[in-house]
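Accompanying notes for the structure given below.
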Amino acid sequence: MEHEWIKVGNVADIDEDDTHSVEIDGKQVCLYNLGGEIFATDGTCTHGDADLSLGMVVDSCLIECPLHEGTFDIRSGRAVDAPCTEPLHCYPVKVEQGVIFLRPVH
Ligand code: FES
């Protein structure tokens with residue numbers, strides 16, 4: 001099924017190396033600003049029920065879960081540090097004139 005691009009916010013609203021939580025179709029999605037480039041992953045840690053938008057961006061490309069401090073690569077969703085082993089789903093993102101659009105594909 002073809003998914004539409006959905007407007008989810010503005011680049012200006014997310015500081016560099018910061019996160020922003022949005023809800024799409026009842027699902028939490030976490031947006032990230034890595035050096036001006038926007039990425040999006042599922043908002044819930046695959047290890048437990050933790051909100052990744054409350055975690056910290058470390059090493060310029062990893063999100064550290066606020067609960068047990070496991071990490072994921074924001075750009076690929078890859079689980080990097082234990083106890084995380086299952087990857088995060090990543091969403092396609094595009095930016096047009098400062099507006100962030102996301103395609104909710106699974
Ligand atoms: Fe995220 Fe355990 S819930 S590392």
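Atoms within each ligand, like the ligands themselves, are counted from 1 in listed order.
Of all atoms in ligand 1, listed by their number and element, those nearer than 4.0 Å to a heavy atom of Leu67 are 3 (S). Of all the atoms in ligand 1, the ones that sit under 4.0 Å from a non-hydrogen atom of Cys84 are 4 (S). Set against the non-hydrogen atoms of Gly70, the atoms of ligand 1 under 4.0 Å away are 4 (S).
Summary: ND1 is the N/O/S atom of His68 found nearest to atom 2 (Fe) of ligand 1. The nearest N/O/S atom of His47 to atom 2 (Fe) of ligand 1 is ND1.
Heavy atoms from other residues, nucleotides or ligands lying under 6.0 Å from CD of Glu86 number 12 at most.
Using a cutoff of 4.0 Å between basic side-chain nitrogens and carboxylate oxygens, Lys27 and Asp25 are not scored as salt-bridged.
Within the coordination shell of atom 1 (Fe) of ligand 1, defined by N, O or S atoms under 2.8 Å, Cys65 is present.
For the pair Lys7 and Phe101, the NZ or CZ position fails the cation-pi test of under 6.0 Å to the six-membered ring centre and within 45 degrees of the ring normal.
With hydrogens and angles disregarded, no donor-acceptor distance shorter than 3.5 Å links the side chain of Asn10 to the backbone of Ala12.
Note: the hydrophobic cluster containing Ile74 does not contain Val95 (ILVMFWY, side chain heavy atoms under 4.5 Å, direct or indirect links).
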